[in-house]
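Here is the structure we will look at.
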2 protein chains.
Amino acid sequence: MQLHVNARATRLNPDRLFGQVAHRLAVAIITGASPTGALLPNEDDLRDEISVSRTAYREAVKFLSGKGLVEARPKSGTRVAPREAWNLLDPYVLAWHFEADPNEKFIRDLFELRLFVEPSAARLAAQRRSDADLKRIEAAFRGMVENPPYAAPTVNADLAFHEAIFAATRNPPLQCLAPAVSATIQWSLFLKAPDDRFFFTASLIDHERVLDAIVQRDGDLAAARMSGLVIDSLNSTLGLLAARVQAEAAKSA
Amino acid sequence: MQLHVNARATRLNPDRLFGQVAHRLAVAIITGASPTGALLPNEDDLRDEISVSRTAYREAVKFLSGKGLVEARPKSGTRVAPREAWNLLDPYVLAWHFEADPNEKFIRDLFELRLFVEPSAARLAAQRRSDADLKRIEAAFRGMVENPPYAAPTVNADLAFHEAIFAATRNPPLQCLAPAVSATIQWSLFLKAPDDRFFFTASLIDHERVLDAIVQRDGDLAAARMSGLVIDSLNSTLGLLAARVQAEAAKSA
DNA sequence: TCCCGGATAAAGTCATACGATAGAAACGGG
DNA sequence: CCCGTTTCTATCGTATGACTTTATCCGGGA
């Protein structure tokens, strides 16, 4: 599974060897191909499997250990950490999930988190936004309107819209949740049939209503409308997931 | 500044050399001693400052780059990344902040985030908790009651209480915010005069009321009471911060 | 049976070398 | 004198082999 759109720099530079190794290991872990507790290929044995030096391999492991994906201990080896230890909100970890099949529970959980956070973020944005913030949000919205539905620039504008709202909250830790929101949006658009105009139009209206509330500096209204947006997006995404599951069941039957 | 309590394993093993280097660099970055865009000590020059091989140094940099603290590019050097790129919700990044002076804005921002998230988490916990979840939450509460105020076991029990609530939500991405909540608690207790019994008793009552709502499986009540708990904690912490600032101003005058 | 200590395997650290690349400086043409 | 091109060089990236440290395992002795 490959995502065609990837707005932020949440992807390791593929030119770098260590990045390729990290990506490979991470995807194996997240998809479950390497289950919890599994030993990673021994640092020496690994040279046989993929031709890469210990240096590059070790740097990749260090990178992953910082995200809680692996644990290395002398003598016992380097093992896949239990999922509870993973930093699921890390931008890289979120991005690596796109390489795996869609996990309905995970996507629901992300939407649930989003539903808790993003309306509050919209409230703060409405209250605290500067004119520059507003310009940025408006520009993103215009990008959604003026480009063809589901095209790459449109998706990027959608992501930029939500990111701009987070930026307007002036709360850096809160802003760190923007990648999680982006992930739900990308999942939603990834699952969608690219000719589904109905949802796109509805989504556009949802966005416009949020923007309007932020223009008015009406925090409560912005929060309420953002809730509506997220719920609409969740419902349509869950519908798509169900359809996908059904289609796959029919195909294998 | 040194925090005496550190419940989770959010601290790099200090026995490992690479961990010491990473810690040192991270603290320098977070305190602002190494400002944005500053070049990190050259990989070769660094050997003069602290006697460490390139290997250990590079692994430390890789570790930090995964958290957005630094950016390494061939030739141009390894530079401190802009703060917007930092993953402020990463457990390590949160922990490293304790090595710097308290940053009021940052602590306020964390509390703000907590106020958005934790009441919702409490609601879910009340709705979804298993008996085992409840046992865990109750055990943590007992740990707060039965140990002396502000002692290490008490603090750990406090952290465990909130972590258990997150665990009961059955939402792994949401659980990843537990370290951020823990950080606010640790800041609050760090700033507090260790003989302040008044706040401790009030906090205990707040916790008991939340626990009671979870026992009753009353989601709305749990959310409301958790809001109260967080707000009480925020207010007392801000008071302590103000007192601290005042004391320092008086001392320097 | 339990405890202690050595063997051992794996990660951790070091030193060195070479390759690749982007920026800087030197150079040359207009 | 200015600007584009070339060359140079500093710095990161990768590779390799040796040595150190650490934790587990296992066997011997009390």
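The sequence lines fix the lettering, A, B, ..., with proteins before strands; numbering per chain opens at 1. Just so we're clear, the structure is a prediction, and the values are computed from it rather than from any experiment. Atoms considered below: every heavy atom in the structure, side chains included; atoms not considered: hydrogens, waters and symmetry mates.
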| note | Contacts satisfying side-chain hydrogen bond (donor to acceptor under 3.5 Å, both in side chains) that involve residues 63-75 of chain A (not counting sequence neighbours) are K67(A)-D90(A)
| query | Does R114(B) reach the side chain of P173(A), with side-chain heavy atoms less than 4.5 Å apart? | reply |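 No, too far: nothing below the 4.5 Å cut-off.
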| Within-4.5 Å side-chain heavy-atom neighbours: K105(B) and P172(A) |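 Yes, their side chains come closer than 4.5 Å.
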Rounded to whole Å, how long is the line connecting atom [atom1] of [X] with atom [atom2] of [N]?
X      : N       : atom1 : atom2 : answer
E71(A) : dA23(D) : CD    : C1'   : 15 Å
R58(A) : dT13(C) : CZ    : P     : 7 Å
K62(B) : dG12(C) : NZ    : P     : 16 Å
E59(B) : dG13(D) : CD    : C1'   : 14 Å
R79(B) : dC12(D) : CZ    : P     : 10 Å
R73(B) : dG13(D) : CZ    : P     : 11 Å
F63(A) : dG13(D) : CZ    : C1'   : 15 Å
Y57(A) : dT16(D) : OH    : C1'   : 17 Å

| request: Could you pull out all residues at least two apart from E59(B) that satisfy salt bridge (charged side-chain N to carboxylate O under 4.0 Å, His left out)? | output: R58(A), K62(A)
| field | Residues which pass salt bridge (charged side-chain N to carboxylate O under 4.0 Å, His left out) with R108(B), listed by chain and number, not counting sequence neighbours | value |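 Counting only residues at least two positions away or on another chain, R108(B) forms a salt bridge (charged side-chain N to carboxylate O under 4.0 Å, His left out) with E104(B).
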| message | Counting only side-chain nitrogens and oxygens, does T55(A) get under 4.0 Å of the OP1 or OP2 atom of dT16(D)? | response |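 T55(A) to dT16(D) OP1/OP2: no side-chain N or O under 4.0 Å.
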| message | Quick check on dA15(D): is either OP1 or OP2 less than 4.0 Å from any side-chain nitrogen or oxygen of S53(A)? | response | yes
| request: Would you please name every residue forming a ring pair (Phe, Tyr, Trp, His ring centres under 6.0 Å) with F161(B), sequence neighbours left out? | output: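 Result, ring pair (Phe, Tyr, Trp, His ring centres under 6.0 Å) vs F161(B): H207(B).
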| On DNA chain C, nearest-nucleotide positions of A72(A) versus A56(B): which is more 5'? |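 With A72(A) and A56(B) compared, the 5'-side residue is A72(A).
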| Who passes side chain to side chain donor-acceptor pair (under 3.5 Å) against T169(A), sequence neighbours left out? |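 Testing T169(A) for side chain to side chain donor-acceptor pair (under 3.5 Å), a comparison that skips the adjacent residues, returns none.
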What pairs of nitrogen or oxygen atoms, one from the protein and one from nucleotides 17-22 of chain C, lie under 3.5 Å apart?
residue	atom	partner	partner atom	Å
dA17(C)	N6	R54(B)	NH1	3.3

